[in-house]
Amino acid sequence: MKEQFKITLNASREKVWDALFTDQNYRYWTSVFAEGSWVDTTWQKGSKALFLDSKNDGMSSVIEENIPSEFLSIRHMGTVLKGEEYLNRPEDDEWRGGHENYTLKESHGKTELTVDLEFGDIGEKMVHYFKETWPKALDLLKAIAEKN
């Protein structure tokens with residue numbers, strides 16, 4: 001599965017980056033994916049990232065690249081269930097190795113954010129979920145980034 005989502009924000013790349021990846025902002029715009037969403041990471045290249053919900057369920061990932069205010073690449077490695085990390089469950093094969101990439105390009109004071117998702121065959125239900133949910137998340141992100 002490959003999906004791409006784009007949005008233009010009336011804000012600098014730095015402001016959009018802050019809206020994306022600071023803890024409070026991240027929790028807000030990702031709440032549409034799962035109530036109580038949060039992430040445990042430094043966002044540094046090579047660091048682990050645990051993307052979790054209020055039950056400590058979610059994804060175990062690695063920050064593959066981080067060029068501040070320009071590009072962030074996340075590689076998903078496995079799942080987290082009730083706080084326990086699982087990297088070799090067969091039912092996670094379609095997610096393992098998948099990427100979530102964020103690219104920011106600024107022009108004339110506006111920033112175009114492109115989110116590229118690439119996973120194995122995650123099923124039609126999940127593809128539909130992403131197509132419904134990502135635009136809502138990006139609308140929340142836009143509200144944060146454009147706030148004065």
Side-chain angles (χ1 to χ4, degrees), residues 1-87 92 94-120 122 125-148:
M1 176 216 76
K2 288 184 182 182
E3 288 294 331
Q4 185 176 81
F5 301 94
K6 286 187 177 189
I7 190 168
T8 300
L9 304 108
N10 191 21
S12 68
R13 285 188 317 180
E14 292 77 16
K15 201 163 183 186
V16 174
W17 190 264
D18 180 69
L20 280 165
F21 302 119
T22 60
D23 182 58
Q24 182 180 350
N25 292 338
Y26 179 86
R27 288 174 187 256
Y28 179 72
W29 74 266
T30 61
S31 65
V32 297
F33 294 106
E35 194 61 40
S37 286
W38 64 288
V39 62
D40 180 7
T41 188
T42 64
W43 296 112
Q44 296 301 309
K45 181 177 179 174
S47 67
K48 182 187 287 190
L50 301 177
F51 296 92
L52 304 167
D53 65 13
S54 59
K55 298 174 189 167
N56 284 336
D57 292 340
M59 309 264 321
S60 173
S61 307
V62 172
I63 305 302
E64 206 158 69
E65 184 61 77
N66 183 338
I67 304 168
S69 301
E70 289 182 32
F71 181 74
L72 185 93
S73 180
I74 302 164
R75 182 169 36 102
H76 297 295
M77 304 301 294
T79 56
V80 179
L81 300 171
K82 293 184 175 58
E84 290 290 321
E85 194 174 2
Y86 299 91
L87 301 178
D92 298 330
E94 61 273 359
W95 294 99
R96 192 175 302 105
H99 281 87
E100 188 172 323
N101 296 322
Y102 298 80
T103 305
L104 290 76
K105 293 183 180 174
E106 188 172 345
S107 178
H108 306 291
K110 295 185 179 194
T111 300
E112 181 182 74
L113 168 64
T114 304
V115 180
D116 289 296
L117 305 178
E118 187 173 338
F119 295 103
I122 59 173
K125 185 177 178 183
M126 283 306 301
V127 171
H128 179 73
Y129 171 77
F130 282 148
K131 286 181 178 180
E132 291 256 322
T133 310
W134 266 103
K136 293 174 187 173
L138 293 178
D139 284 344
L140 290 177
L141 180 73
K142 184 177 179 79
I144 296 167
E146 292 181 351
K147 193 165 129 179
N148 291 334

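Numbers here simply count residues along the sequence, with the first being 1. What you see is a predicted model; the values in this text were computed from it and never measured.
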Counting only pairs under 3.5 Å, give me each side-chain donor-acceptor contact of residues 96-105, with atom names and distances, residues two or more places apart or in other chains.
residue, atom, partner, partner atom, Å
Arg96, NE, Met77, O, 3.3
Arg96, NE, Leu87, O, 2.8
Arg96, NH1, Asp93, OD1, 2.5
Arg96, NH2, Leu87, O, 3.2
Arg96, NH2, Arg89, O, 2.9
His99, ND1, Gly97, O, 3.3
His99, NE2, Glu64, OE1, 2.5
Glu100, OE1, His76, NE2, 3.0
Glu100, OE2, Tyr102, OH, 2.4
Asn101, OD1, Ser73, OG, 2.5

Under 3.5 Å, side-chain donor or acceptor atoms of residues 128-139 against the rest of the protein: list the pairs with distances, not counting sequence neighbours.
residue, atom, partner, partner atom, Å
Tyr129, OH, Phe33, O, 2.6
Thr133, OG1, Tyr129, O, 2.7

Tabulate below the donor-acceptor pairs under 3.5 Å that side-chain atoms of residues 6-14 make, not counting sequence neighbours, or state none.
residue, atom, partner, partner atom, Å
Ser12, OG, Lys15, N, 3.1
Arg13, NE, Ser69, O, 3.3

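Evaluation of the salt bridge (Lys or Arg N to Asp or Glu O under 4.0 Å) rule for Lys55 yields no partner, not counting sequence neighbours. With sequence neighbours excluded, no residue forms a salt bridge (Lys or Arg N to Asp or Glu O under 4.0 Å) with Glu94. Judged as a salt bridge (Lys or Arg N to Asp or Glu O under 4.0 Å), and not counting sequence neighbours, Asp116 has no contacts.
With a 4.5 Å cut-off on side-chain heavy atoms, Thr79 and Trp95 do not count as touching. The shortest distance between side-chain heavy atoms of Asn66 and Ser47 does not fall below 4.5 Å. The side-chain heavy atoms of Leu20 and Leu113, taken from C-beta on, include a pair separated by under 4.5 Å. With contacts defined as side-chain heavy-atom distances shorter than 4.5 Å, the pair Thr111/Trp17 does not qualify. Residues Phe5 and Leu117 meet the side-chain proximity criterion, which asks for heavy atoms closer than 4.5 Å.
For the atom pair Leu141 CG and Thr30 OG1, the distance stands at 10.5 Å (nearest 0.5 Å). Going from atom CG of Asp40 over to atom CG of Asp23 covers 9.5 Å, rounded to the nearest 0.5 Å. Summarising the geometry, atom OG1 belonging to Thr42 is positioned 12.0 Å from atom NZ belonging to Lys48; distances are rounded to the nearest 0.5 Å. In this structure, OH on Tyr28 lies 13.5 Å from OG on Ser37, to the nearest 0.5 angstrom.
Listed for the Thr22 side chain is no donor-acceptor partner under 3.5 Å among the backbone atoms of Gln24. Between the side chain of Ser60 and the backbone N or O of Glu85, no donor-acceptor pair lies under 3.5 Å.
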Stepwise side chain to side chain contact (heavy atoms under 4.5 Å, CB included) check, Lys82 with Asp57:
CA-CA 5 Å; Lys82 293 184 175 58; Asp57 292 340; 4.0 Å; yes
Can you check side chain to side chain contact (heavy atoms under 4.5 Å, CB included) on Asn56 and Trp38, steps first, answer last?
CA-CA 9 Å; Asn56 284 336; Trp38 64 288; 3.4 Å; yes
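Annotation for Trp29 and Val32: closest pair O-CG2, 3.7 Å, computed over non-hydrogen atoms.
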